[in-house]
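Keep in mind that what you see is a predicted model, and the values were worked out from it rather than measured.
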Amino acid sequence: MNKIITKKQLSEKVFLFVIEAPLIAKSRKAGHFIIVRVGDGGKRIPLTIADADI
């Protein structure tokens, strides 16, 4: 499980999450997505990686 460091609401439906995920940051490439799921039975939400610090 990766840790959410910061969560900031940018507009009504847009949020910025800063997540500690070194393995994702190390292997990410342009156009890649990550799948976010809240809990075991939660829906899968695909998100685009906009930026990352290795």
Side-chain angles (χ1 to χ4, degrees):
M1 190 67 63
N2 296 306
K3 183 178 178 182
I4 297 174
I5 306 297
T6 327
K7 175 184 169 187
K8 181 178 177 184
Q9 187 168 4
L10 301 177
S11 68
E12 183 180 338
K13 296 183 179 182
V14 178
F15 292 84
L16 169 69
F17 289 91
V18 176
I19 301 171
E20 184 179 287
L23 293 176
I24 294 172
K26 187 176 181 179
S27 64
R28 68 160 173 40
K29 294 184 180 169
H32 278 185
F33 290 84
I34 58 169
I35 302 295
V36 175
R37 188 170 59 169
V38 180
D40 291 331
K43 291 184 178 180
R44 294 166 39 114
I45 304 167
L47 299 174
T48 304
I49 298 174
D51 191 14
D53 290 329
I54 296 174

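Rounded to the nearest 0.5 Å, atoms CD1 (I19) and CG (L47) are 7.5 Å apart. To the nearest 0.5 Å, atom CD1 of residue I49 and atom OG of residue S27 are 7.5 Å apart. To the nearest 0.5 angstrom, R28 atom CZ is 13.0 Å from L23 atom CG. Remark: H32 NE2 to I34 CD1 distance equals 12.0 Å, nearest 0.5 Å.
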I24 vs N2, test: side-chain contact (heavy atoms from CB on, under 4.5 Å). Steps then yes/no. CA-CA 10 Å; I24 294 172; N2 296 306; 3.8 Å; yes

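Seen from the ring of F15, K7 counts as a face-on cation partner, given the 6.0 Å and 45° thresholds.
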